[in-house]
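Heads up, the thing below is written out as C-alpha cells.
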Amino acid sequence: MDYGKERVVALVDMDCFYVQVEQRLNPALRNTPCVVAQYKTWKGGSIIAVSYEARAHGVTRNMWVDDAKKLCPDLQVARVRESHGKADLTHYREASVEVIEVMSRFAVIERASIDEAYMDLTAAVQQRWKNMPDQQINPCLLRTTYIQGYPQSGQEPSADDDSSQVDDSIMDKEQRRSIGVQQWLASSSIGEQNSAEMQLTVGALIVEEMRAAVEKHTGFRCSAGISHNKVLAKLACGLNKPNRQTVLPLDSVAELFSTLPISKIRNLGGKMGASITETLGVANMGDLTQFSQAQLGQHFGEKTGF
DNA sequence: CATTAACATATC
DNA sequence: GATATGTTA
C-alpha cells in the first residue's frame, strides 16, 4: 500500500447541530431562517448556531441577535436553556448521544466534539469489499457523494460517448457531482484491484449508509469527509455542506492545496498558522512543498507535528 | 463584563 | 493533578 494511503478515515459533522435539535422539537422552525442564541439581556443574546437559510442572509455565529435581525428581519430565535444563570447544553448533549449510538453500529468512533466524530473505517472497508461478489459499485449508491477533483476537465464521462464535455455553463451542481462520481468509478476500477482509491469509495458507501441511518433514527442530517487521515477527512467534510459527503483522494490534494490558505487546515487556524505564514512568507498549503522537513521542523518545533 | 464553552495538550 | 495555553464552533 502506498505511503499515506494505509487507512480509510472519515469525519462526520452534524449540520448546524443545535439548530436541528431545536427544529426537531419545534416544527415551526423547520426550513426557515433561524438561530440558536444564548442569554437575552445583552443585544438580544449571542448566536451559537445558524440555519443555512439564515446564513444566506449573512447571519453568522457569535453575532448579536439584534444585529442579525437587521440582516434578516423574519429571523426566528430559539434560546438555550439556562440554569443558575448559565447556559445549559444538556439538551444538545443528549441529542449527541442519540447520534453517537447510531454511528457506533457501523464503526468504532472517536467523538471529537458534541457534533462531530472521526472513525477509522479501514477494517470495515476490507470486510465489505470481501463480501461484494462483483466488487463493483453502482453510482446511485453514492447519491450524496462528491469526489474532490472530479470531473476532470477534458475527459469524457463514459467510454461510448466521446461528444460530451464537462461544461459548467450548462450543468448544475448535481449534474456535475454525478458526472464526477461516474468518471471516478470508471477510472478507479481499472488497474489493481482493491486499490486505495477503491477503498475510499467503499468507505464512502459505508458513510452514505451511516448518514442515512442517523437521519432515519434521529431526524438529524450531517456532512462527512472520507480520506486517508483525520486532517484530510476534516478538510473534505467542509467542501460540500450541508447534507453531503466528500471523498478526498490523495491525488487531488496537490491541486486543492495550491489555492488553500494555511488557516483552513485543522489546528492551523490560529497562532500556529499565522506564525507559519509570517515566518515563511507563504499563503497557501501548496507553498509548503518548497521547504524541507528539516526547515519546517527547525522553526516549528518537534512537539507540534513536524 | 459583552462571546462563550468545550476540549486537547503543554507545563509546572 | 492543577493550571495555562491554543483551537474550534
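Chain letters run A, B, ... following the sequence lines, proteins first, then strands; residues in each count from 1.
Distance A:H91 NE2 to B:dA6 C1': 19 Å, rounded to the nearest Å. Computed from coordinates, the A:E82 CD to B:dT4 P distance equals 12 Å when rounded to whole Å. A:R81 has its CZ atom 20 Å from the P atom of B:dT4, to the nearest Å. Distance CG (A:N62) to P (B:dC1): 19 Å, rounded to an integer number of Å. At whole-Å resolution of the value, CE in A:M272 and P in B:dA10 are 12 Å apart. Regarding A:F300, its CZ atom lies at a distance of 21 Å from the P atom of B:dT9, rounded to whole Å. A:D88 has its CG atom 14 Å from the C1' atom of B:dA6, to the nearest Å.
Between A:K40 and A:R79 there is a side-chain heavy-atom pair separated by less than 4.5 Å. Contact check for A:V35 versus A:L75: side-chain heavy atoms found under the 4.5 Å cut-off. A heavy-atom distance below 4.5 Å is not found between the side chains of A:R266 and A:L235.
Counting any heavy atom pair closer than 4.0 Å across all strands shown, A:N267 reaches sugar-phosphate atoms only and no base atom.
Within residues 38-53 of chain A, the residues approached by DNA chain B to less than 4.0 Å at the level of any non-hydrogen atom are A:Q38, A:Y39, A:W42, in residue-number order.
The listed nucleotides are B:dA6, B:dC7, B:dT4; the one nearest the side chain of A:R111 is B:dC7.
Side-chain contact annotation: A:T246 with A:Q148, donor-acceptor N/O pair under 3.5 Å absent. At a cut-off of 3.5 Å, with distance as the only test, a side-chain donor of A:R211 or A:Q245 sits close to an acceptor on the other residue.
Considering A:R7, A:R128, A:Q126, A:H228 in turn, A:Q126 is the only one that fulfils the side-chain contact (heavy atoms from CB on, under 4.5 Å) rule with A:Q199.
C:dT7 sits 15 Å from B:dT3 when the C1' atoms are compared, rounded to a whole Å. For the P atoms, the distance from C:dA9 to B:dC1 is 30 Å, rounded to whole Å.
A:F17 meets the ring pair (Phe, Tyr, Trp, His ring centres under 6.0 Å) test with A:F220; sequence neighbours excluded.
For the OP1/OP2 pair of B:dA6 and a distance below 4.0 Å, the side-chain nitrogens and oxygens of A:R93 include at least one atom meeting the criterion.
No side-chain donor-acceptor contact under 3.5 Å links A:R221 to the backbone of A:N243. Side-chain N or O atoms of A:S188 include one that pairs as donor or acceptor with a backbone N or O of A:W184 at under 3.5 Å.
Extent of DNA chain C lying under 4.0 Å from chain A heavy atoms, first and last nucleotide in 5' to 3' order, is C:dG6 to C:dA9.
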